[in-house]
There are 2 protein chains.
Amino acid sequence: MNIKIAIFEDNKLIREALQTIINNTDDMLCTATFSNVNQVEDDIEFNRPDVVLMDIEMPGRTGIEATRIIKEKSPHIKVLIQTVFNDNEKIFNALCAGASGYILKSDSPEKILQSLREVHSGGGPMSASIASKVLQFFVRQNVILVEPNTTNCDLSEREKQILAFMVEGLNYLDIADKAFISYETVRTHVKHIYKKLHVACRSEAILKARQQGIV
Amino acid sequence: MNIKIAIFEDNKLIREALQTIINNTDDMLCTATFSNVNQVEDDIEFNRPDVVLMDIEMPGRTGIEATRIIKEKSPHIKVLIQTVFNDNEKIFNALCAGASGYILKSDSPEKILQSLREVHSGGGPMSASIASKVLQFFVRQNVILVEPNTTNCDLSEREKQILAFMVEGLNYLDIADKAFISYETVRTHVKHIYKKLHVACRSEAILKARQQGIV
DNA sequence: TGGTAAATAACCCATTGGGGGATTTTTACT
DNA sequence: AGTAAAAATCCCCCAATGGGTTATTTACCA
């Protein structure tokens, strides 16, 4: 029943402190600790934790790379990133790598334990101040490029069909065959689709289609 | 020198209260107030504010639509969204529409004035609790689709130059002129860039370049 | 000193995208 | 019912893009 936790942390003192804290908690068990992520694939393979507490800064491979590897191999394992830094881009990268939550090392033990429980139950704990900065970073960096469901979906049924074929990777000729219309008609539809979606090329249209669930 | 502010707010009491607060502040001037956004194009055209204080919920066209229109026509105008709601999706949509910041109507006048100054100077004020919720919403909704800095940046200096020209919107011929090389060489570089960035077309390359700060 | 990477350049060819224009069918609205 | 708008269909022209291949020169590194 206990939450099985693995710790990746290069600092021995911190590592052992975390282990002690976790093992003195009723509903948790620290089943393994590691001082680096160089064998993270094997470590995870053999240890099978529920949650990984991951230091973002480590000698050799970083915690972000390790997070990506873990989430690729075992998407069900939650990763809680822990760091001394408050670096928007690092946090951003960690989130992209699949981290479930993000806490600071300065957070209290109670906060850490609570965050471990939260990620385990599917939540995404993150200190509000961190979240605010990251969001601003997103907006500034134009990471948020999705136009939400407003201007689109005035695609006609036929246009949606054509777009779906495009998402499948078909070229105009193949789409023409599948849709029983001429090559030129496909092109006309595609032009209309681009205008309505405000895109200029195929891959942008596909991106939007996916993001907005038009397909 | 004053920050010129336009208010869009359907509630007359709130609208006039905001106007009074702003006009009693040294560095700000409320140059116009509107009870709806149905003529927002013209309103902005004639009024030319620095910052727009926008109610998200209004009869007729919503503040989100208005925000998108404003940012399309006048990207330099900052929009500060104000609402009684704390709805992740609404906030998300507002951000996508180009809003610079997001505050609650329950925020104090001081907070509102401070936020107006922040957006005007390029910041993105947002209550930390709102940001946290929105971020979690993003992660859950898989809005964040960006592959962070992993495989790229092995671009050569020359390739980065070419990519920068592409970001500026130049075509092959113009890039060739600017870089003092032949059209064909530009094309060769571009092909290499695409391979290294794992993209298949110009706009994808530009997207990655922006997101990963290669430019 | 030989191999590798980068920069340069050229060729061929298919596909794509943008600009028109045109006709017919369907839908919608008065 | 009649008309206007939108959708669907088709065609042409042409510039730009993307992929592949090959080749030469330079520079650097092991």
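Proteins get letters first, then strands, A, B, ... in listed order; numbering begins at 1 in each.
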Asks: State whether a side-chain donor-acceptor pair under 3.5 Å links B:Glu118 with B:Gln114.
Replies: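 Short answer, yes.
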Asks: Does the pair B:Glu9 and B:Lys105 meet the rule for a salt bridge (Lys or Arg N to Asp or Glu O under 4.0 Å), with working shown?
Replies: CA-CA 11 Å; B:Glu9 163 66 59; B:Lys105 290 201 178 175; 3.0 Å; yes
Asks: Would you say A:His189 places a side-chain N or O within less than 4.0 Å of OP1 or OP2 belonging to D:dT9?
Replies: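 Yes, A:His189 has a side-chain N/O under 4.0 Å of OP1/OP2 on D:dT9.
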Asks: Taking NZ in A:Lys73 as the centre, count heavy atoms belonging to other residues, nucleotides or ligands within less than 6.0 Å. Is the count above 12?
Replies: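 Not more than 12 within 6.0 Å, no.
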Asks: Can a side chain N or O of A:Ser156 be found less than 4.0 Å away from OP1 or OP2 on D:dA8?
Replies: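 Result: yes.
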Asks: Determine whether a donor-acceptor pair (one donor, one acceptor, N or O, separation below 3.5 Å) exists between the side chain of B:Arg187 and the base of D:dG20.
Replies: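 For B:Arg187, whose side chain was compared with the base of D:dG20, there is no donor-acceptor pair (under 3.5 Å).
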Asks: Would you call the rings of A:Phe8 and A:Phe34 parallel, tilted or perpendicular if under 30° counts as parallel and over 60° as perpendicular?
Replies: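 A:Phe8 and A:Phe34: parallel rings.
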Asks: Looking at CD1 of A:Ile175 and CG of A:Leu163, how far apart are the two atoms once the value is rounded to the nearest 0.5 Å?
Replies: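 The CD1 atom of A:Ile175 sits 9.0 Å away from the CG atom of A:Leu163.
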Asks: Going 5' to 3' on DNA chain C, which nucleotide is the first and which the last to come under 4.0 Å of a heavy atom in chain B?
Replies: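 Range of nucleotides within reach of chain B: C:dA6 to C:dC12.
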Asks: Return whichever of A:Met166 or B:Thr188 has its heavy-atom-nearest nucleotide of DNA chain C closer to the 5' end.
Replies: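 Result of the comparison: B:Thr188.
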Asks: Taking the minimum atom-to-atom distance to the side chain of B:Tyr172, which one of D:dA7, D:dC11, D:dT17 wins?
Replies: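 In terms of side-chain proximity for B:Tyr172, the closest of D:dA7, D:dC11, D:dT17 is D:dT17.
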Asks: How far apart are the C-alpha atoms of B:Ser182 and B:Thr185, what are their side-chain angles, what is the distance that settles it, and do they pass the side chain to side chain donor-acceptor pair (under 3.5 Å) test?
Replies: CA-CA 5 Å; B:Ser182 83; B:Thr185 307; 3.0 Å; yes
Asks: Hey, are B:Arg68 and B:Glu65 close enough for a salt bridge, meaning a charged N less than 4.0 Å from a carboxylate O?
Replies: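 Here B:Arg68 does not pair with B:Glu65 in a salt bridge, since their nearest N and O are not under 4.0 Å apart.
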Asks: Within residues 173-185 of chain B, which residues have any heavy atom lying less than 4.0 Å from an atom of DNA chain D?
Replies: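 Heavy-atom contacts with DNA chain D come from B:Tyr183.
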